[in-house]
Amino acid sequence: MVQITFITNGSMLVQAPENSNLLRVSLRAQAGIPFKCGGGLCGTCKCRIETGLEHTDKVKPKERKHLSDADLEAGYRMACQTFVNGDIAVSWERK
C-alpha cells in the first residue's frame, strides 16, 4: 500500500494499492482534486506532486498538451493520467 497526502484538503491521508490512479483515489476518498473529463482532455485535474514525484509513472503524451516543460519540472501532473507507486503528497489550486 502507498500513502497519498492530499495537502489542499487539510493534509488528508489516504492509503491505496500500488499503481493506483491518482484521480480515482481522490474520487473514492472524496479528497477533492478537481476534474471534469477524467480522460486527459480538459486539463482540469492539474495538480502538483509536492513530495514523492519519483514515485509516479512517466509523463503521458496527453499531459504534455496541458503542461509545459517548466510545469513538469516543478512537479505538476494531470491526476487522471498519473499512477502512484510509492508515498506522495499532492496539492492543487482551488477554483
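Any value given below was found using the heavy atoms of this structure, including those in side chains, with hydrogens, waters and symmetry copies removed. Residue numbers start at 1 and run along the sequence shown.
Put simply, NZ on Lys60 and CE on Met78 are 11.5 Å apart, with the number rounded to the nearest 0.5 Å. The CG atom of Asp71 sits 9.0 Å away from atom CG of Asp69, with the distance rounded to the nearest 0.5 Å. Taking NZ from Lys36 and SG from Cys42, the interatomic distance works out to 7.0 Å, rounded to the nearest 0.5 Å. The line from CZ of Arg77 to NZ of Lys58 is 10.5 Å long, rounded to the nearest 0.5 Å. Remark: Asn85 CG to Asp57 CG distance equals 7.0 Å, nearest 0.5 Å. Leu13 CG to Thr5 OG1: the interatomic distance, rounded to the nearest 0.5 Å, is 4.5 Å.
Taking each heavy atom of His66 and Lys62 in turn, the nearest pair found is CD2-O, 3.5 Å. Contact between Glu63 and Thr82 at its shortest, heavy atoms only, is OE2-OG1, 3.6 Å. Nearest approach of Gly40 to Cys80, heavy atoms of both residues: N-SG, 3.2 Å.
For CD of Gln30, the number of neighbouring non-hydrogen atoms (other residues, nucleotides, ligands) closer than 6.0 Å is 12 at most.
Listed by chain and number, the hydrophobic cluster partners of Leu22 are Val2, Ile4, Phe6, Met12, Val14, Leu23, Val25, Leu27, Ile33, Phe35, Ile49, Leu53, Val84, Ile88, Val90, Trp92, where partners are ILVMFWY side chains within reach of under 4.5 Å, directly or through others. Cluster partners of Leu41 are absent, since no Ile, Leu, Val, Met, Phe, Trp or Tyr has side-chain heavy atoms less than 4.5 Å from it.
Residue pairs meeting the side-chain hydrogen bond (donor to acceptor under 3.5 Å, both in side chains) criterion with at least one member in residues 12-25, sequence neighbours excluded, do not occur.
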